[in-house]
Amino acid sequence: MASSSRSTLYENLKLVDTVAKVKTTVKELRRQKEISVDCEGNNLSREGTLDILIIGTVNRKVFLFDITKMGVSAFDAGLRDLLESGCDVMAKLMYDCRNDSDALMHLYDVKLAGVLDLQLVEIDSRRKSKQNHWFLKGLKKSIEVYDHDEKSERTKKNGTEQIEDAKRNGTTIWDKRPLSPDLKDYCAVDTVKLFSLLKVFRKKMEREKMLEASERYVDYFRSYETFPETKFYRHGFLPDEILRSNPRDPKVQYNDCQGCKKKFKRARLDLVNAGEKKRANFCSCCSRIITRIENQPIPSQSFA
Ligand SMILES: [Zn+2]
């Protein structure tokens, strides 16, 4: 593919793979009020790796930080401060920040903040227009629905095929260097598209409410000491208490949901049959998961 044909995907793509480059790039990024952020890694989470951190700007500039090569020194050189700054300094547009945030915190001691998560904005827009809002939409699906273009879709499809081939062959893809031009494009698309999605939702969105919900979302995985059973945290449902503010009330008794292990007011937990005649307390999201498993498989969410 000639470089001119890539230009509609983004304006400019830079690989940032030395500490000196991190310093100058962070300085440049500090002038932005909003950036988009995305991470790629093999099984991105504390249990996997974080290999590429991608930052996009409103002018469609894209920066790929090579974390495989630089490791923690990239964060020590300014990236940590940038990612930990509040939304009053710089909002970070993301789409499902949970795994990214978990990996950043537990692998690199970065407490991501100032996130505006467009996955929440999208589901909240469906809630407000009285559409079905049980299931979260993956980014791929959201782009198809709200901002479809052939070229981005081809780029994503191509990258996804390479990722799935690697999985099938038991190899990894994100830690291999040099990154192929196709994978660089794959990385870039999402950060560019987040700005187009924001445009779609910006007018109707309650920004303050969404920033607060994003604070709960960014903390959702990383605050686990150990993850619960997979089906109770890796699923396509919106976890309870993310969109709703839920200040702790010292006069009320809180209990753990036996599925997701999060704390809920006792009155909000349902007693559900949990197999083998056991009945236990579950939040409404986990109750839904149990009921679904009995009746039909849960649609798995594509995060690609
Ligand atoms: Zn639960």
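Heavy-atom basis, side chains included; hydrogens, waters and symmetry copies ignored. Every number for a ligand or one of its atoms is a count from 1 in the order of the listing. We're numbering straight along the sequence, starting at 1.
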Report task. Please report the number of protein N, O or S atoms that lie less than 2.8 Å from the Zn ion (ligand 1). Result -> 4

Requested in this report: Tell me yes or no: between the side chains of Lys262 and Ser223, is some donor less than 3.5 Å from an acceptor?
Outcome: yes

Report summary line: For Lys21, the salt bridge (charged side-chain N to carboxylate O under 4.0 Å, His left out) test, sequence neighbours excluded, returns Asp17

Query - Ser45-Asn99 side chain donor-acceptor pair, cut-off 3.5 Å - result: no

Query raised in the report: Does anything in residues 67-78 pair up under side-chain hydrogen bond (donor to acceptor under 3.5 Å, both in side chains), and if so which pairs, sequence neighbours excluded?
Result: Asp51-Thr68, Thr68-Arg177, Asp76-Arg80

Query raised in the report: Do the rings of Phe227 and Phe221 sit parallel, tilted or perpendicular, given the 30° and 60° boundaries?
Result: perpendicular

Report summary line: In short, salt bridge (Lys or Arg N to Asp or Glu O under 4.0 Å) pairs touching residues 34-43 with sequence neighbours left out are Glu34-Arg202, Glu34-Arg207

